[in-house]
Amino acid sequence: MSASDLPRIFEAGFTGANGRKYGAATGMGLYIVKNMAQKLNIDLKVSSILDQGTVVSLNFN
């Protein structure tokens with residue numbers, strides 16, 4: 001995932017570069033994850049290096 005996509009990945013409907021390229025994404029998955037995490041008091045952090053990998057960290061408060 002590109003660094004330019006990271007600030008918006010939790011927005012409803014945001015699909016990022018791959019979603020725009022292939023058209024099958026809804027952009028709702030990470031939006032739902034973020035909302036559920038907030039309800040459960042879980043802190044999410046995401047870092048990514050394009051073509052190398054993405055790390056998602058969950059901090060259970």
Side-chain angles (χ1 to χ4, degrees):
M1 147 182 350
S2 70
S4 62
D5 286 346
L6 282 177
R8 298 188 59 208
I9 61 171
F10 295 115
E11 292 179 14
F14 181 73
T15 60
N18 283 337
R20 291 186 297 275
K21 183 176 180 180
Y22 299 110
T26 64
M28 294 305 293
L30 290 175
Y31 170 76
I32 293 169
V33 166
K34 181 68 172 183
N35 280 295
M36 293 305 300
Q38 287 174 337
K39 290 178 187 298
L40 297 169
N41 197 29
I42 298 171
D43 185 39
L44 293 174
K45 299 233 187 287
V46 179
S47 62
S48 184
I49 299 175
L50 188 62
D51 297 326
Q52 290 188 17
T54 300
V55 175
V56 179
S57 301
L58 288 79
N59 181 14
F60 296 87
N61 297 314

Would you please test L44 and L58 for side chain to side chain contact (heavy atoms under 4.5 Å, CB included) and show each step?
CA-CA 5 Å; L44 293 174; L58 288 79; 3.6 Å; yes
Run the side chain to side chain donor-acceptor pair (under 3.5 Å) test against R8 and tell me which residues pass, sequence neighbours left out.
E11
Mind checking what makes salt bridge (charged side-chain N to carboxylate O under 4.0 Å, His left out) contact with K45, not counting sequence neighbours?
D43
Which distance, rounded to the nearest 0.5 Å, do you find between the [atom1] of [X] and the [atom2] of [Y]?
X	Y	atom1	atom2	value
I49	S2	CD1	OG	13.0 Å
I9	L30	CD1	CG	5.5 Å
F10	N35	CZ	CG	10.5 Å

Apart from M28 itself, what residues make up its hydrophobic cluster, given side-chain heavy atom links below 4.5 Å?
Y31, I32, M36
Which atoms form the tightest heavy-atom contact between T54 and S48, and what is the distance?
OG1-OG, 2.8 Å
pair F60-L40: side-chain heavy atoms closer than 4.5 Å:
no
With a 4.5 Å cut-off on side-chain heavy atoms, are L6 and V46 touching?
yes
Does the side chain to side chain contact (heavy atoms under 4.5 Å, CB included) test come out yes or no for D5 and R20, once each step is laid out?
CA-CA 12 Å; D5 286 346; R20 291 186 297 275; 3.9 Å; yes
